[in-house]
Amino acid sequence: MRTDRRRTAGRRRVVVTGLGVVLSPGTGTDALWRALLGPPPEGHRAVADWDPSPWLGQAEARHTDRFTQFAVAAAESAVADAGHPRTAPDAAGVVLGTALAGVGTLERQALVRSERGDKRVSPFTVPMIMPNAAAAALSQRLARRGPCRTVTTACAAGTDAIGSAARLIAGGVCDSVLTGGTEAALSDTVVAAFRNMRALSSAGRTRPFDAGRDGFVIAEGAAVLLLEAYGTAAERGARVYAEVLGHASTADAHDITLPLPDGSAAARCMRLALRDAGLEPTAVGQVSAHGTGTRHGDLAEARALTAVFGPDGPPVTSAKGVTGHAFGASGAIEAVAAVLSMAHGLIPPVAGLATEDAGLGGSLDLVRDAPRAWTAGPVLSNSFGFGGHNGCLVLGPPIT
């Protein structure tokens, strides 16, 4: 996506100027950063005592699912963080990722129908559960009349949304795009389904790359980034957090839930993202792993990382031991975590990792026990989802 490469000549540079987060540790990037440096909690990561009233009126809140409410709060926080930039509405876009959208509303309305009949089902059910509801809400509230899209590549959705948003700016379609991911899937049915699938940790802990890992815990929340064309941001003197350097997506074409065991499709996705960024693997300063703490997922990702970086790769961390797994929002949450890592010059440790699984091959430089000083360089952020979706994003330090 950079303009200084022949293959991408004519494309505009894309920068991150605003961040907004709603998660179980709290609302705002400070809460996320403190959590990443603290001990991992146990159990699912609900946004407890959620109050949408600072962002939505009573009637609006009643007619929107939590996943839309989280997106509205995170997006408006990101815009405020960026200093409320003014963008021509036709040049302002929205691209959000989600996996399960308004599943909580659907579950509640199904119970209403079962217990009280068809006529008691809310007429707002469809506009509450549809996956594009959150993106539509942002476009309406913030007068963004450019492209308004929803990406649903399962747990790669947040990462793929950011990559798609960056391309809208790089190609000159938009001057700014609100992008990220949102999820509110802690419904009884979803929890039961994942438990029966044996994807959830019986111990209530996500332990990426640990010998005793046994699955993940579910999180809800949203993370939104405001992307702008570098020229637009520079003209208004905006603070620049980071640059979006590259993105790629591939498919395993293997299984609806299990990753390709040798990690080859994931490795190809990483290489394509680095090629899009114009970087060799040796230039990468940090990997933010998908790292769900499942036995098959972590093994496939470890094999892919080893294939790309060899035995002397960059430091590898994973946020899910702290954040839990927010499915379609997870890639966006981890992108924000990567930006915060650059801003603070520290790489948070892999929370929950006590004993590295020897079966992973021993070639990963996992950040353990304590934060590690970050040597300035691009961050590769990985996301992989059911259906064999692979999404990789390359973020660079702020332009100087």
Side-chain angles (χ1 to χ4, degrees), residues 21-48 155 158-159 181 183 186 194 199-221 223 285-295 297-299 301-302 305 313-327 329-358 360 362 364-374 379-384:
V21 173
V22 176
L23 286 170
S24 60
T27 299
T29 54
D30 288 345
L32 173 58
W33 183 247
R34 286 195 299 270
L36 290 170
L37 300 183
E42 295 186 1
H44 298 309
R45 312 287 199 266
V47 180
C155 303
T159 291
E183 206 73 86
L186 262 172
F194 275 116
L200 299 184
S201 168
S202 60
R205 297 178 60 199
T206 301
R207 292 172 285 181
F209 306 113
D210 189 88
R213 68 189 185 279
D214 63 348
F216 56 80
V217 299
I218 298 174
E220 58 178 8
Q286 177 190 158
V287 172
S288 174
H290 185 58
T292 56
T294 61
R295 299 207 70 80
D298 286 4
L299 177 58
E301 185 170 16
L305 288 168
V316 176
T317 189
S318 171
K320 288 188 177 69
V322 166
T323 64
H325 194 357
F327 309 131
S330 61
I333 293 165
E334 288 150 20
V336 171
V339 171
L340 295 176
S341 178
M342 296 180 190
H344 291 275
L346 286 176
I347 306 173
V350 182
L353 173 61
T355 304
E356 182 181 349
D357 182 0
L360 301 178
L364 301 183
D365 181 12
L366 296 165
V367 181
R368 302 178 57 167
D369 303 324
R372 188 186 300 182
W374 169 65
V379 178
L380 174 67
S381 185
N382 290 336
S383 295
F384 309 121

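If you read the sequence from its start, that first residue is 1, and numbering goes on from there.
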Handout entry: S381 OG to I333 CD1 distance, which is reported to the nearest 0.5 Å
Key = 11.0 Å
Handout entry: Spacing of I218 atom CD1 and S201 atom OG [to the nearest 0.5 Å]
Key = 11.5 Å
Exercise for the section: For the residue pair E334 and T159, establish whether any side-chain heavy-atom pair is separated by less than 4.5 Å. Expected result: no
Fill in the blank from the handout: Output for pair (F209 CZ, L299 CG), nearest 0.5 Å, gives 10.0 Å
Problem - Pairwise side-chain contact, V287 with P314, heavy-atom cut-off 4.5 Å (strictly under) - result: yes
Practice task
Output yes when a side-chain donor or acceptor of T317 lies under 3.5 Å from a complementary backbone atom of P348, and no otherwise.
Solution key: yes
Problem - N-O pairing of D298 and K320 below 4.0 Å - result: no
Problem - Heavy-atom side-chain proximity of N382 to L305 below 4.5 angstrom - result: yes
Handout entry: R372 side-chain N/O to A370 backbone N/O, donor-acceptor pair under 3.5 Å
Key = no
Practice task
Measure up the F327 and F216 rings against each other and bin them: parallel (under 30°), tilted (30 to 60°), perpendicular (over 60°).
Solution key: perpendicular
Problem - Validation row: W33, L346 side chains within 4.5 angstrom (heavy atoms) - result: yes
Exercise for the section: To the nearest 0.5 Å, tell me how far H44 NE2 sits from H325 NE2. Expected result: 12.5 Å
Handout entry: Atom of A289, atom of S318 and distance for their closest heavy-atom approach
Key = O-OG, 3.9 Å
Handout entry: Smallest separation among heavy atoms of P41 and G321, with atom names
Key = CD-O, 4.4 Å
Handout entry: Point-to-point distance, once rounded to the nearest 0.5 Å, from CD1 of I347 to CE of M342
Key = 10.5 Å
Handout entry: Nearest heavy atoms of L23 and E220, plus distance in Å
Key = CD2-O, 3.9 Å
Handout entry: Closest non-hydrogen atom pair, A326 against E183
Key = O-CB, 3.3 Å
Fill in the blank from the handout: Smallest heavy-atom separation, V322 atom then A351 atom, equals CG2-CB, 3.5 Å
Completion exercise
Only residue of D357, D210, D214 satisfying salt bridge (charged side-chain N to carboxylate O under 4.0 Å, His left out) with R295 is D357
Problem - Min side-chain heavy-atom separation T323-L32 under 4.5 Å - result: yes
Handout entry: Sub-4.5 Å side-chain heavy-atom contact between P371 and L37
Key = yes
Exercise for the section: Working to the nearest 0.5 Å, report the span between CG of L340 and CZ of R34. Expected result: 11.5 Å
Problem - Closest non-hydrogen atom pair, H290 against E301 - result: N-OE2, 2.8 Å
Practice task
Measure from the side-chain N and O atoms of R207 to the backbone N and O of A354, and report whether any donor-acceptor pair falls under 3.5 Å.
Solution key: no
